[in-house]
Structures are given as C-alpha cells and as structure tokens.
Amino acid sequence: MTTLAVEEFDDRVVVTLHRPEARNAINAAMVAELHDVCAALEAEPRLLLITGAGGTFAAGADIGELRDRGREQALQGINRAVFDRIAKLPLPAVAAVDGYALGGGAELAYACDVRLASPAAVFGNPEPGLGILAAAGACWRLRELVGASVAKQVLLAGRRLDADDALRFGLVAEVVPAEKLLERAHAVLDRMARSGPLALRLTKLVADGGGHPLTDDLAQAILFESDDKRARMDAFLAGGRS
Ligand code: COA
C-alpha cells in the first residue's frame with residue numbers, strides 16, 4: 001500500500017488515507033488500494049474505520065488526474081464504484097473526519113454508515129467550481145443524509161458544512177476533539193462488534209435496501225433459527241446484558 005495505512009484486527013480494519021503531499025486526494029492508486037481493502041472485507045467480513053492522516057480527511061479526487069480524464073473514464077464511475085463498494089460492505093463502515101472532507105473526500109464519508117467529526121471538520125462539494133458535478137454519490141447520498149434543502153445548498157450554492165452544521169443536520173453522529181476522535185470511533189465500532197455479526201450484517205443489508213415486509217421477514221427467519229440468537233436471548237434471560 002502506498003496511499004493507505006491499513007491496520008488489521010480480528011473484528012475490524014482501520015484504513016488511514018495517507019497522501020500528505022496532496023491533502024489525501026483520492027487518486028487511481030488510492031482507489032485501487034481501497035478496492036483491495038474491500039475485497040479483503042468481502043472475503044472475511046469485519047468492521048471498517050476510515051480516517052485521514054495529517055489533520056485532513058481527503059481534499060477530493062485528485063484534480064491532476066481528473067483534468068486528464070474524459071467521457072470513457074467518467075462512464076466507468078471510477079470513484080463512484082469504490083464508494084458504492086464500501087457502502088455495500090457486509091459490515092458497517094465508520095468515517096472519522098478531521099479537517100477537510102471535500103469533493104470525493106466528502107463522498108467517501110457519505111458512503112460510510114456512520115460519521116464522527118472533529119471540530120475542524122469541513123464537508124463540501126465544490127465540484128461545479130471545477131466545471132464538473134459531484135458524481136460519486138453526493139447528488140443522491142447527501143440528499144438522503146441531510147435532506148434536499150441542505151444538499152442543494154452544498155451542491156449548488158457551494159455551502160461548506162462545518163462540524164456544528166454537520167451535527168445539526170445529522171450528517172455526523174458526534175463532534176469529538178481531534179485527539180479523542182479515533183478513540184471514540186473505536187468505541188462506536190466496539191458497540192457494533194458486540195452485536196450478533198449475522199444480525200448486524202442482515203440489518204445493514206435490509207436497511208440499505210430500504211426494507212420491505214418480505215425481506216424483513218426472510219432475514220428475521222434466518223436469524224430466528226441461529227444458535228447465536230438463542231445463546232444471546234438465553235444469556236439475557238439468565239441476567240446477562242449485551
Ligand atoms: N487534488 C490534487 N491535489 C490536491 C488536492 C486535490 N483535490 N487538494 C489539495 N491538493 C494539493 C495542492 O495542489 C497542494 O499541492 P502543492 O503543495 O504541490 O502545491 C497540496 O495538496 C496542499 O494543498 P493546499 O491547497 O496548499 O493546502 P491548503 O491547506 O491551503 O488548502 C484545501 C486545503 C483542501 C482547502 C485545498 O487544497 C483545496 O481547496 N483543495 C481542492 C478541493 C477540491 O476542489 N476538491 C474537489 C475535487 S473534485
């Protein structure tokens with residue numbers, strides 16, 4: 001890995017975006033390495049924590065590379081595809097955002113299931129200023145996260161959301177001092193890790209699919225037959241608490 005620092009644990013993988021010379025801008029090498037991380041997490045489902053090095057989450061897609069891309073590359077959805085893959089990972093992803101999360105950096109954070117921010121976090125989608133649109137998820141994912149009014153302010157009026165805005169609009173779960181950000185993100189992952197892994201996985205699958213009485217019942221039918229469910233409910237009834 002040249003653009004990511006990856007730490008692997010039994011129940012989670014921690015990915016730190018690391019291109020300090022370009023404010024962690026997302027280039028083709030980083031996209032390829034994020035795909036490698038996704039492949040590992042698909043093969044062996046674990047939680048994911050994504051953060052950025054050096055007081056920046058990511059200052060967008062790499063503009064030097066974007067400038068030289070044409071219609072064919074746009075149609076490949078290079079960044080969109082890897083963000084979608086992250087969003088569809090079997091188990092949840094948490095973004096810990098310190099500093100700028102702009103353009104594709106913001107879209108990467110939007111693709112995660114939960115976001116935490118430091119007081120220095122700034123979310124924005126300045127793509128139209130570069131003559132392009134935010135095509136890696138912001139146009140629909142941001143709207144789902146904060147509603148059409150705020151999304152349009154960000155997408156059309158160049159509004160940047162600081163940490164207080166992001167908290168108020170529900171984009172982030174918490175604002176935590178930078179020095180405590182990773183600790184707090186790990187605490188969120190710890191809470192997730194205490195859930196039944198299959199229950200967490202099926203909940204994400206069903207919830208991301210928008211839920212439906214049929215899928216809800218089928219997923220629940222799988223879980224109701226699991227040894228894990230019986231063990232957890234027995235433990236509860238015996239006085240243990242999860
Ligand atoms: N792509 C490529 N390089 C980038 C980059 C990006 N998205 N964002 C920053 N960099 C590079 C800069 O070109 C600069 O390189 P240099 O030192 O060789 O000149 C280096 O990172 C540091 O950036 P700089 O602008 O000097 O840092 P700053 O702290 O003053 O400002 C930002 C930080 C994030 C506000 C500013 O870099 C910025 O606006 N970046 C682009 C944001 C953007 O439009 N993203 C959407 C892309 S689709």
Side-chain angles (χ1 to χ4, degrees), residues 7-15 34-35 37-51 80-97 106-117 136-138 140-147 151 166-167 169-176 181-242:
E7 299 162 86
E8 302 215 29
F9 302 92
D10 286 347
D11 63 354
R12 71 198 63 179
V13 170
V14 180
V15 167
L34 286 169
H35 275 298
V37 170
C38 289
L41 291 174
E42 288 158 1
E44 186 191 338
R46 281 164 291 170
L47 299 163
L48 174 62
L49 170 56
I50 303 183
T51 192
R80 177 200 52 74
V82 76
F83 299 162
D84 286 352
R85 194 170 179 185
I86 289 167
K88 288 190 182 122
L89 285 172
L91 289 173
V94 171
V97 177
E107 290 173 305
L108 172 56
Y110 304 157
C112 293
D113 297 287
V114 173
R115 286 151 294 280
L116 303 181
W140 62 274
R141 216 169 250 138
L142 183 60
R143 183 189 183 105
E144 285 186 352
L145 292 169
V146 301
L167 185 63
F169 298 138
L171 182 60
V172 303
E174 292 176 43
V175 178
V176 187
L181 184 61
L182 288 183
E183 183 184 321
R184 188 60 203 132
H186 276 290
V188 172
L189 292 171
D190 290 343
R191 181 65 190 83
M192 291 172 169
R194 289 200 294 276
S195 289
L198 189 59
L200 197 61
R201 186 170 176 178
L202 288 179
T203 301
K204 179 168 154 63
L205 203 59
V206 168
D208 281 347
H212 183 282
L214 179 63
T215 53
D216 296 8
D217 287 351
L218 290 174
Q220 191 72 301
I222 293 167
L223 294 170
F224 270 19
E225 296 293 328
S226 72
D227 293 341
D228 186 54
K229 168 243 183 182
R230 268 184 290 274
R232 285 168 179 271
M233 293 197 179
D234 285 348
F236 180 90
L237 294 171
R241 295 288 183 270
S242 63

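The only option from Arg85, Lys88, Arg201 that meets the salt bridge (Lys or Arg N to Asp or Glu O under 4.0 Å) definition with Glu42 turns out to be Arg85.
Contact record, Asp11 with Arg46: O-CB, 3.6 Å, taken as the closest heavy-atom pair. Between Leu116 and Ala173, the shortest heavy-atom contact is CD2-CB, 3.8 Å. Shortest non-hydrogen contact noted between Leu189 and Leu48 is CD2-O, 4.1 Å. Shown here for Val146 and Ala151, the closest heavy-atom pair between the two residues is CG2-N, 3.8 Å. Residues Pro92 and Leu200 come closest through the heavy atom pair CD-CD2, 3.8 Å. Nearest heavy-atom pair across Val172 and Ala117 is CG1-CB, 3.9 Å.
Atom CZ of Arg184 and atom CG of Leu182 lie 12.5 Å apart (nearest 0.5 Å). Between the CG atom of Leu34 and the CZ atom of Phe83 there is a distance of 7.5 Å, given to the nearest 0.5 Å. Taken from CZ in Phe224 to CE in Met233, the straight-line distance is 6.0 Å, to the nearest 0.5 Å. From Gln220, atom CD reaches atom OG1 of Thr215 across 11.5 Å, with rounding to the nearest 0.5 Å. Atoms CG and OG1, from Asp216 and Thr203 in turn, are 9.5 Å apart once rounded to the nearest 0.5 Å. In this structure, Leu202 CG and Leu218 CG are separated by 10.5 Å, a value rounded to the nearest 0.5 Å.
At distances below 3.5 Å, at least one donor-acceptor pair connects side-chain atoms of Arg230 with backbone N or O atoms of Glu225. At distances below 3.5 Å, at least one donor-acceptor pair connects side-chain atoms of Thr51 with backbone N or O atoms of Ala96. Side chain of Arg115 to main chain of Leu171: a donor-acceptor pair is present (N/O by atom type, distance under 3.5 Å, no hydrogens or angles). Using a distance-only test at 3.5 Å, with no hydrogens or angles considered, a donor-acceptor pair links the side chain of Glu107 to the main chain of Ala138. At distances below 3.5 Å, at least one donor-acceptor pair connects side-chain atoms of Lys204 with backbone N or O atoms of Ala87.
Under the salt bridge (charged side-chain N to carboxylate O under 4.0 Å, His left out) criterion, Asp190 pairs with Arg12, not counting sequence neighbours. Scanning for side-chain contact (heavy atoms from CB on, under 4.5 Å) contacts around Ala199 gives Leu223, with sequence neighbours left out.
Within the 4.5 Å cutoff, the side chain of Val14 has heavy atoms near those of the His186 side chain.
The pair Arg232-Asp228 meets the salt-bridge criterion, with a side-chain N (NZ, NE, NH1 or NH2) lying under 4.0 Å from an Asp/Glu carboxylate O.
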Can you list the steps and then say if Val176 with Glu183 is a side chain to side chain contact (heavy atoms under 4.5 Å, CB included)?
-> CA-CA 10 Å; Val176 187; Glu183 183 184 321; over 6 Å; no
Mind running side chain to side chain contact (heavy atoms under 4.5 Å, CB included) on Asp113 and Leu89 for me, showing each step along the way?
-> CA-CA 10 Å; Asp113 297 287; Leu89 285 172; over 6 Å; no
Could you walk me through whether Leu47 and Val94 pass the side chain to side chain contact (heavy atoms under 4.5 Å, CB included) test, one step at a time?
-> CA-CA 8 Å; Leu47 299 163; Val94 171; over 6 Å; no
Passes side chain to side chain contact (heavy atoms under 4.5 Å, CB included), Ile50 versus Ile86? Steps please.
-> CA-CA 10 Å; Ile50 303 183; Ile86 289 167; 4.3 Å; yes
